Each structure stands twice: as structure tokens, then as C-alpha cells.
Amino acid sequence: MDLTYQRKNVYQLADDAEKKRIAEYAEGYKAFLNNGKTEREVVTETVAMLEKNGYKPFELGSKINKGEKLYYNNRGKGLFVLRAGTADLAKNGVRILVAHIDSPRLDLKQVPLYEKADIAYAKTHYYGGIKKYQWLTIPLSLHGVVALKNGKKVTICVGEKDEDPVFYITDLLPHLSQELSKKTIGDGFEAENLNLIVGGMTVSGEEKEGVKKAVLAHLNKAYGITEEDFLSAELEAVPAFKARDVGFDRAFLASYGHDDRVCAYPELTATLEADTKQTVLTILADKEEVGSDGNTGMQSSLLVDIIDTIAASYGVNAALVRSKSMCLSADVTAGYDPAYASAFEEMNVGYVNKGVTMNKFTGARGKSSTNDTSAEFIGYLRGVFEKAGVVWQTGELGRVDLGGGGTVAKFIANMNIDTVDMGVPVLSMHAPYELISKADLYAAHKAFAAFLL
Ligand code: MN
Ligand code: MN
């Protein structure tokens with residue numbers, strides 16, 4: 001008997017049939033990625049998926065019946081999927097899966113348009129943690145909504161179809177970069193210079209701001225909007241890349257926004273497929289990348305309100321339900337990258353192809369601001385995953401005192417719910433084009449499905 005702890009490689013354990021399932025599963029995920037690049041688009045595509053599977057919307061405070069399949073659409077940016085189970089709610093609580101569907105990006109400002117040197121630009125304010133230089137000289141698409149005074153909403157999506165134009169941020173040519181090269185990566189690229197090129201033709205005969213006016217004329221013709229309408233718009237610039245297989249063997253998948261759709265997708269498939277009697281609440285959250293504040297973030301009272309609604313319907317005390325509930329905070333973690341080995345502690349980091357990764361804690365500077373999951377809850381999950389044949393590993397967000405980060409786990413745990421972080425290890429996390437292993441994606445699906453039983 002081997003008494004040592006060893007990570008296992010998914011492909012080493014998989015037979016041909018399992019390898020085929022891993023590859024096929026990634027195809028569904030690719031479509032999910034390409035159809036939903038923003039939180040709003042993911043909600044829209046998920047609602048369609050749910051309705052096809054017989055799910056219906058519900059209201060807070062409504063009567064929920066055992067066996068019902070429901071969803072709650074939170075302002076078009078977050079989603080709660082509910083399977084009302086027949087199991088004893090007072091004993092088992094709710095099985096909660098939560099992933100976030102917002103990703104780092106460049107948001108247009110409220111007065112974005114200007115022109116300089118006969119080029120029309122849109123000013124941006126970045127959202128989430130980005131390395132600014134990565135967003136230069138790549139094709140960007142623009143997604144979002146413009147809410148009009150009359151209550152109507154205009155949806156915009158430009159740059160995703162092959163025939164669409166894209167948007168672009170310039171960089172300085174290497175020939176003239178001697179001064180720029182002396183600056184640090186942190187200092188060399190200024191946020192106020194992350195401005196999208198959005199046009200270049202001027203209005204004939206127009207002397208002042210002709211290029212900007214030409215862009216406004218186009219927007220007015222295409223969408224019926226004026227410059228003032230940007231005041232009530234949410235427009236997000238994201239990479240226009242499609243998800244692509246990587247490597248001769250197609251083991252990896254590159255895409256924008258794996259963080260955290262790579263957990264949202266297996267969460268959803270596990271929820272749709274699970275043959276379970278438990279009450280299941282699967283959450284797609286917004287605003288994780290900026291601290292989970294606001295009414296679409298996980299710090300809002302909505303989760304408590306929904307558990308109250310379920311508990312009242314079942315005639316059980318809501319605080320008791322929360323105390324018996326369990327949550328997998330499904331979020332990505334840093335995968336070990338041999339090119340940057342010194343950033344990691346090799347014994348305690350997640351490795352690609354070695355399965356879905358559990359982080360007992362996150363945080364920074366001595367586990368500050370973390371949900372440090374109890375040994376007991378992890379012990380329970382080890383049993384669940386072993387029984388289901390899930391390949392999983394333990395991980396940590398980089399070596400101690402290098403940096404750190406957080407997830408929504410602590411906000412759920414603060415509601416008196418046992419919670420642990422579990423997700424797919426990512427290489428180049430928060431880059432415009434991130435990398436994951438298809439084997440780890442499929443392992444996440446299996447882990448989430450086993451948790452719901
Ligand atoms: Mn994340
Ligand atoms: Mn993130």
C-alpha cells in the first residue's frame with residue numbers, strides 16, 4: 001500500500017471511451033464560450049438552455065413545490081437555477097454551486113467618444129485585474145446594452161461575426177520604444193491610453209470633430225442612439241477571438257474568459273443532468289472580478305432571500321437550512337506554469353491535466369480575508385469524490401507572500417454555509433486569451449455532479 005499522496009494525471013487513468021467523452025464535452029463548452037462573452041450574454045444563453053429543459057422563472061416569496069425546476073434572473077446579469085428536491089431540507093439543506101460569469105475587460109466610459117489626429121476613439125475604464133499591455137494590438141469586439149429614456153433597450157454586439165469590423169488599441173513600434181522599454185510593465189502602460197479606435201472617416205465638409213460626428217451618424221443610423229445615450233449604456237470591449245484547441249493532440253483549449261465560465265459551464269451541465277433528490281441551487285454570479293459588491297454580486301442579500309423563499313415553501317426554518325447547506329465555490333485557480341516556476345510552491349499548486357483543483361483557502365498575507373474551509377468538510381468531500389471516481393487535486397494561489405486573491409467563497413461561508421473553492425487550473429489567467437486543459441474541465445463536471453447527489 002502506497003502511503004504517500006500523489007497527484008494523478010487524468011489521461012493516465014482514462015480509457016479510450018473516457019478520452020472521447022473529455023473531447024466531446026469540450027465541444028459543448030466551446031459553443032458556450034463563443035455564444036456568451038459577457039455576463040449578460042451568458043445569462044441569455046443559459047436561460048434559453050434552461051427553458052429548453054423545462055425550467056420556469058420564479059419570484060421571491062413565491063410558493064415553491066417539491067420537484068419544480070426553476071430559475072431567477074437577476075437583472076439580466078446573474079442567474080439562480082433551482083431544483084426543488086424531495087430530500088429532507090431540514091436535514092440536508094441546499095447543495096449550492098456558484099461560479100461567476102463576469103470576466104476582466106474594458107468598459108466604455110459614460111462620455112467615451114473623441115477624436116484626435118483624424119482618428120475617432122472611445123475611452124475605456126478597465127474592469128477587473130488586467131495586465132494592460134496584453135490588450136494592445138488585438139482584435140476587440142464590443143458587447144452590451146444602451147438603455148434609453150423611454151424604457152427601451154438597444155443591444156449591441158459588433159466584432160464577433162467574421163464579416164464584422166473589430167476595434168483596436170495601438171502600441172508603439174519597437175524602433176521608437178527605447179524610452180518605453182526602460183519603464184516597468186506596471187508604469188509603461190497607462191489606463192487612460194486604453195482607448196479603442198472606432199472610426200476614421202470624416203463627415204464631408206465638416207471642419208470640427210468631423211470623424212467623431214461620422215461615428216455618431218453611423219451609431220444613430222444603426223441603433224437610433226445619440227452621444228447622450230452613452231450615459232445609460234453598459235458597453236464592454238472583449239477579445240474578438242473564438243475558443244480554439246491548442247496542441248497537436250488538442251489537449252488544451254484557449255479562450256477569452258475561462259475565468260470563470262470554465263466552472264459555470266460544468267456547474268450547469270451537472271445541474272441539468274444530476275439524478276438527485278437534493279435541493280440544488282446553482283448560481284451564476286456577476287461582479288466577482290471587482291469584489292462582488294452591488295445587487296448582482298454575491299455580497300447582495302439575494303442568496304439569503306432565495307433560501308428564505310425555499311425554506312418558507314417547505315415549512316422549515318431558513319437559518320436551519322443554511323446551517324445544513326454546503327457550497328462548492330466553483331472558481332478557477334492558478335495552474336503551475338514551468339515558465340514562471342518561482343511564482344509557485346511546487347508541492348501545493350494545481351497542475352494542468354491533474355484534475356479539478358480544490359483550494360482550502362485563498363487570500364493573501366497570512367491567509368488574510370479568506371474562507372479557510374474546515375478539515376471536516378474537506379474530509380466529507382474526499383469521500384464523495386473518491387466514490388464517484390473524480391480526479392482532483394489540492395492547490396494554492398501562488399507561493400506564500402507573493403500576492404494572492406479571493407473568490408466568492410467567503411461571502412457564502414459568512415452566511416453560515418460550509419464552502420470550499422474548487423475549480424479548473426488556468427494558465428495565463430486574466431489574459432485576453434487564457435488556457436485550460438480539457439481533462440480538467442471534464443473532471444470539474446464530474447466533481448460538481450457527484451457533489452449534487
Ligand atoms: Mn474567478
Ligand atoms: Mn478572476
Side-chain angles (χ1 to χ4, degrees), residues 29 32-33 36-39 42-43 46 77-79 96-107 126-132 134-135 236-239 243 253-268 282-294 296-299 327-335 337 343-344 349-350 352 356-364 369-371 373 395-398 402-413 419-437 440-441 444 447-448:
Y29 174 50
F32 182 78
L33 287 168
K37 287 201 164 178
T38 64
E39 60 281 5
V42 173
V43 167
T46 305
K77 299 200 246 184
L79 200 62
I96 302 167
L97 290 169
V98 52
H100 66 91
I101 50 173
D102 60 318
S103 298
R105 60 178 191 251
L106 305 176
D107 287 343
Y126 68 96
Y127 174 99
I130 62 165
K131 291 164 95 171
K132 298 180 191 85
Q134 295 180 331
W135 294 73
E236 307 173 4
V238 302
L253 185 61
S255 174
Y256 165 67
H258 280 312
D259 177 9
D260 185 31
R261 291 177 291 168
V262 75
C263 295
Y265 182 73
E267 213 185 67
L268 288 168
T282 295
I283 306 168
L284 302 183
D286 181 30
K287 292 287 178 280
E288 192 279 339
E289 296 294 358
V290 290
S292 299
D293 291 296
T296 57
M298 281 316 293
Q299 295 205 62
C327 173
L328 292 188
S329 164
D331 205 344
V332 299
T333 186
D337 187 337
F344 306 97
V349 63
V352 291
V356 56
T357 302
M358 179 189 289
N359 285 359
K360 184 177 184 295
F361 54 87
T362 57
S369 198
T370 184
N371 160 52
T373 310
E396 188 180 35
L397 193 66
L402 178 62
T407 65
V408 302
K410 63 178 176 181
F411 307 123
I412 316 280
T419 305
V420 71
D421 278 303
M422 189 129 196
V424 173
V426 174
L427 301 185
S428 315
M429 194 199 291
H430 281 207
Y433 213 41
E434 304 172 316
L435 198 70
I436 61 111
S437 140
D440 299 333
L441 166 71
F448 300 162

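Note that the structure is predicted; figures quoted are calculated from it, not measured. Residue numbers run from 1 in the order of the sequence given. Counting starts at 1 for both ligands and their atoms, following the listed order.
Here T282 pairs with T271 under the side-chain hydrogen bond (donor to acceptor under 3.5 Å, both in side chains) rule; sequence neighbours left out. Partners of V349 by side chain to side chain contact (heavy atoms under 4.5 Å, CB included), not counting sequence neighbours, listed by chain and number: Y336, F344, Y351. Scored by the side-chain hydrogen bond (donor to acceptor under 3.5 Å, both in side chains) test, E434 finds no partners at all (sequence neighbours excluded).
In terms of distance to the Mn ion (ligand 2), the nearest N, O or S atom of H430 is named NE2.
If you take CG on L97 and CG on L284, they are separated by 10.0 Å, rounding to the nearest 0.5 Å.
Residue-and-atom listing of protein N/O/S atoms under 2.8 Å from the Mn ion (ligand 1), sorted by chain and number: H100 NE2, D259 OD1, D331 OD1, D331 OD2.
Using modelled atom types, one side-chain atom of T373 and one backbone atom of K360 make a donor-acceptor pair closer than 3.5 Å.
Using the six-membered ring where Trp is involved, Y265 and Y29 have ring planes that are tilted, between 30° and 60° apart.
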